[in-house]
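Below: one structure, written as structure tokens.
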Amino acid sequence: MTVKERIEKLKEQINEALARAGRENESIIIVGVTKGIDIPRIIEGIENGINILGENRVQEAREKIPQITLPCQWHLIGHLQKNKVKYAVKLFKMIQSVDNEELAELINKKTPERMDILIEINTSGEPQKYGVSPDEAGKLVESILNLPNLRLLGLMTVGPYPVDEKKSRKAFALLRETRDRLEKEFGISLPILSMGMTEDFEYAILEGANMLRIGRGIYGERNY
Ligand SMILES: *Cc1c(COP(=O)(O)O)cnc(C)c1O
């Protein structure tokens, strides 16, 4: 299958899931996850409308982003080490993986212009996962709201693996509930719920996702 064909199929599946969720008239932002994907496939994606792109690693992004000259924007979706912040703030429009106060402060200090961010939440309780726990998220929101160069737009999570309907939906519902609670507690709007990947995006849509991060479902298998 070509990238173009995969994108068409993905959009059909997204529309079916939206219909099942009773969300026919809503739109969903697709982030094309390009880790391990070569430049020609990324370009074919952009030519077919996937122009918001997600990378996991700053080093790979530093090599790749300058090679793409078509208009697009980049999001960091993987863990950010503090010594890489100075590069990340120049490469990315959004950092989806903010999960601690020190990191937020460093991004606030180094970013040349206001940085869009999401807070990454660990919704599955899996210890190997990054993300702040739902219980500690309020504390992090409070600090971020005091950092003038950060624009907090919502929450992100990585669903449990292996994918299982019940467990996946429970984790995604927890992200939505955490968002609703934080909006009330702080009187703010957190419009973005970034959740759902190739194997679990249908469950994420049923639980309210409005930003999906799709790699293999768009580009095919990764080169690593
Ligand atoms: C790799 C990755 C994705 C996309 O994975 P696919 O299964 O290829 O869709 C999404 N989000 C994060 C954080 C990832 O690391």
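Order of appearance sets the numbers: ligands from 1, and atoms from 1 within every ligand.
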Test log, rule salt bridge (charged side-chain N to carboxylate O under 4.0 Å, His left out), inputs E105 and K109: CA-CA 6 Å; E105 283 170 357; K109 188 169 147 195; over 6 Å; no
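- Close contacts of ligand 1 with G215, meaning ligand atoms under 4.0 Å from a residue heavy atom, involve 4 (C), 6 (P), 8 (O), 9 (O).
- Of the possible polar contacts, none joining the S97 side chain to the E120 backbone as a donor-acceptor pair under 3.5 Å is found.
- In terms of modelled atom types and a separation under 3.5 Å, the side chain of N108 and the main chain of N149 share a donor-acceptor contact.
- Formation of a donor-acceptor pair under 3.5 Å by the R23 side chain with backbone atoms of L206 is not found in this model.
- Hydrophobic clustering of Ile, Leu, Val, Met, Phe, Trp and Tyr side chains at less than 4.5 Å, counting indirect connections, keeps V31 apart from I50.
- Contact atoms of ligand 1 toward I214: 9 (O) (distance under 4.0 Å to a heavy atom of the residue).
- Here the protein heavy atom with the shortest distance to atom 6 (P) of ligand 1 is T198 OG1, 3.4 Å.
- With hydrogens left out, the protein atom closest to atom 7 (O) of ligand 1 is R216 NH2, 2.6 Å, a heavy atom.
- Here the shortest heavy-atom distance to atom 2 (C) of ligand 1, taken over Q96, R213, K35, M197, belongs to K35.
- Remark: ligand 1 atoms within the under-4.0 Å shell around heavy atoms of I77 are 11 (N), 12 (C), 13 (C), 14 (C).
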